[in-house]
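What follows is a single structure, written as structure tokens, with notes after it.
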Amino acid sequence: MGRQWGLAMRAAEQVGCVVSASRAKQPEAGSWSCSGVILSRNPGLVLCHGGIFLPFLRAGSEALAAAEAVFLPGDSCGDDLRLHVQWAPTAADSNGRADEGRPGLCTPQC
Amino acid sequence: AGLEPSPPARLRGRPLQCPRPAELLLLLSCPAFRAHFERLFGDAEGEQWRFASVAPDDEGSEDDEEDQLRALGWFALLRVQPGPGAAAERGPAVAVAVASPGAVPKGAPLLACGSPFGAFCPDIFLNTLSRGVLSNAAGPLLLTDARCLPGSEGGGVFAARPAGTLVALVAAPLCWKAREWVGLTLLCAAAPLIRAARAALGRLRPSEAALAAFLPPELGTPRALPFRSPEPSWAAAAVLVECGAVWGSGVAVAPRLVLTCRHVAPREASRVLVRCDAPKTVAVWGRVLFATQETSPYDVAVVSLEEALDGIAMPVPTERFSEGEAVSVVAYGVFGQACGPSVTSGILSAVVQVDDTPVMLQTTCAVHGGSSGGPLFSPRSGRLLGIVASNTRDNTTGATYPHLNFSIPITLLQPALQRYGETGDLGGFRELDHAAEPVRVVWRLQRPLEPPRSKL
């Protein structure tokens, strides 16, 4: 089981990410964030929780209450929604050139 | 302010990718998840269920709380805008495989990976790992005892076998029932969300519909999975015991005999209904053969059934305990009949002995109201270690601690069970009413009595 855990941990860490949402015109209004999973790298597809989109729904939370609702298109949220996704680099990324020469650029301010 | 860290002595030292802009493609919901949620938690106000807030302000209004409940079963599919090196990105496009619904059995080990507090200090909190088991399942609504924190909503929960298969996403990391923290995390199975995404993308513009091809595949089907291990046979011995308005858990120790707690079935000769869920759901009437007296430290009752519980492998009692060994509690706590027994995992944190005889077991498994009488097993050996008697409450603050709980060692009960099985004599159980004072002191959570000191 120990080896299995090791493999599972590596797999989990390679697809884990954090998603943040904010308003383009009102960044001071704060941001909402949650965790997510990278489903595909190229194209980049991420699945995350829907709760952070509540403040951005054009029709308010009522849109989520409809029993028959299975999905809502992206334009259910206002145009001022700004999303960012951050993740740890994969081994391939670390060896690649994407971050070369930019150390510390991503250090977030706590 | 409480989350402001001191300067860390040592950072995890991982360079992070720059936050990459993304667009919202879809908001997705799993109707089956919502239906099961409604069934299990629907009377949320009556049962006083509360879930971890996804809003920044924990002291939100009732409207906020209602909004959060609505959003609890919704997830989002995003497309990340390609970075400057996108064309050179290597490796497979699909990043993860998804477990089919029902592929992971109850009790199977799981690994949760999320970012506590969301985007707060990702260099420290990104991809924090937590281990647990699949505690319960109702369709795509899953529960795990892997401990998660606010901000880990949307985080992935992965199987250990095959390693890294995505099982579910965190829907609510924390929940409380009647102001008691229930040490379980609410999950939504990943497979139905991926299916919903695939179907929904097909109804969008062609450029977006094409993205469906990049959604991860489901790994096999439940019947043909290479990794599916059968649910542990020992878990099937857990039963639900209803005695009038009171209910709790129990364990079948013989086809017609169930052990439970006195506070679940307190009156001898009273009728009780015993339900079990595996291998099939059955309900059998029985009567209380024996219940310890109120003065006994051992909270034990024995129920004789009118019909045999067929098809259940009777548990083998252990003969010894090892502090630190992995243990599991199987019990109907929290949900009762609504959702089959839950499995929670932990270790045997203490074996309290009096005169070299184990008289109390402590575990780190999450134990909730309704778990009393449920069996404590060693998942490694499958042996029965004891029955759960209580968790812990601080009467000063009113706080309940589900991860500190007390069980009665089966080694104390086994001689009486054997005697009853061979002769029908309940005398062995009656001896539980005459426990020595040091044992009573232990179960009252008092300090051992010191020998009287001479005043000379």
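Values below: all heavy atoms of this structure, side chains included; hydrogens, waters and symmetry mates excluded.
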Completion exercise
Of Gly164(B), Gly154(B), Ala196(B), the largest count of non-hydrogen pairs under 4.5 angstrom with chain A goes to Gly154(B)

Exercise for the section: Measure Phe158(B) against the heavy atoms of chain A and call it side chain, backbone, both or neither at under 4.5 Å. Expected result: side chain

Fill in the blank from the handout: Closest non-hydrogen atoms of Ala99(B) and Val104(B), given as atom of the first, atom of the second and distance, are CB-CG2, 4.4 Å

Completion exercise
Ranking Cys48(A), Gly30(A), Cys34(A) by heavy-atom pairs under 4.5 Å to chain B gives rank one to Cys48(A)

Practice task
Would you check if the side chain of Ser130(B) reaches a backbone N or O of Ala112(B) as a donor-acceptor pair within less than 3.5 Å?
Solution key: no

Completion exercise
Applying a strict 4.5 Å limit to non-hydrogen atoms, the region of Val85(A) in contact with chain B is both

Practice task
Please state whether the side chain, the backbone, both or neither of Glu23(B) comes within less than 4.5 Å of a heavy atom of chain A.
Solution key: backbone

Completion exercise
One option among Ala190(B), Ser115(B), Ala197(B), Ala199(B) has the most heavy-atom pairs under 4.5 Å with chain A, and it is Ser115(B)

Practice task
Could you tell me whether the side chain of Thr165(B) and the main chain of Ala159(B) form a donor-acceptor pair under 3.5 Å?
Solution key: no

Problem - Residue part contacting chain A, namely of Leu201(B), when any heavy atom lies under 4.5 Å - result: neither

Exercise for the section: Determine yes or no for a side-chain-to-main-chain donor-acceptor pair under 3.5 angstrom, with Asp80(A) supplying the side chain and Lys25(A) the backbone. Expected result: no

Exercise for the section: Give a yes or no on whether the backbone of Leu72(B) and the side-chain of His49(A) come within a donor-acceptor separation of less than 3.5 Å. Expected result: yes

Problem - Check: Glu38(B) side chain, His36(B) main-chain N or O, donor-acceptor pair, under 3.5 Å - result: no

Exercise for the section: Using a cut-off of under 4.5 Å on heavy-atom pairs, state which of Leu28(B), Leu77(B), Val96(B) scores highest against chain A. Expected result: Leu77(B)

Completion exercise
When rounded to the nearest 0.5 Å, the distance separating CG of Leu186(B) from CZ of Phe51(B) is 6.0 Å

Handout entry: Residue, of Ser76(A), Cys77(A), Gly36(A), that accumulates the most heavy atom pairs under 4.5 Å with chain B
Key = Gly36(A)

Practice task
Return yes if some donor-acceptor pair links the side-chain N/O of Ser378(B) with the main-chain N/O of Ser381(B) below 3.5 Å, else return no.
Solution key: yes

Handout entry: Best-contacting candidate, Leu7(A), Leu47(A), Val19(A), against chain B by heavy atom pairs under 4.5 angstrom
Key = Leu47(A)

Exercise for the section: Check each atom of Leu166(B) against the heavy atoms of chain A and say whether the ones under 4.5 Å are side chain, backbone, both or neither. Expected result: side chain

Problem - chain A contact via Val170(B) - side chain, backbone, both or neither, heavy atoms under 4.5 Å - result: backbone

Completion exercise
In terms of heavy-atom pairs under 4.5 Å with chain B, the winner among Ser20(A), Pro73(A), Pro43(A), Ala11(A) is Pro43(A)

Practice task
Can you label the angle between the Phe33(B) ring and the Phe37(B) ring as parallel, tilted or perpendicular, going by 30° and 60°?
Solution key: parallel

Problem - Best-contacting candidate, Ala63(A), Ser40(A), Gly16(A), against chain B by heavy atom pairs under 4.5 angstrom - result: Ser40(A)

Fill in the blank from the handout: Per-residue tally against chain A (heavy atom, under 4.5 Å) across Leu211(B), Leu193(B), Leu215(B) peaks at Leu211(B)

Exercise for the section: For chain B, find which of Leu57(A), Ile38(A), Val37(A) contributes the most heavy-atom pairs closer than 4.5 angstrom. Expected result: Val37(A)

Completion exercise
Okay, Leu169(B) and chain A: the region with an atom under 4.5 Å from a heavy atom over there is side chain

Problem - Under 3.5 Å donor-acceptor, Ser33(A) side chain and Ala119(B) backbone - result: yes

Practice task
Using modelled atom types only, decide if a donor and an acceptor are shared between the side chain of Arg82(A) and the backbone of Arg23(A) within a distance under 3.5 Å.
Solution key: no

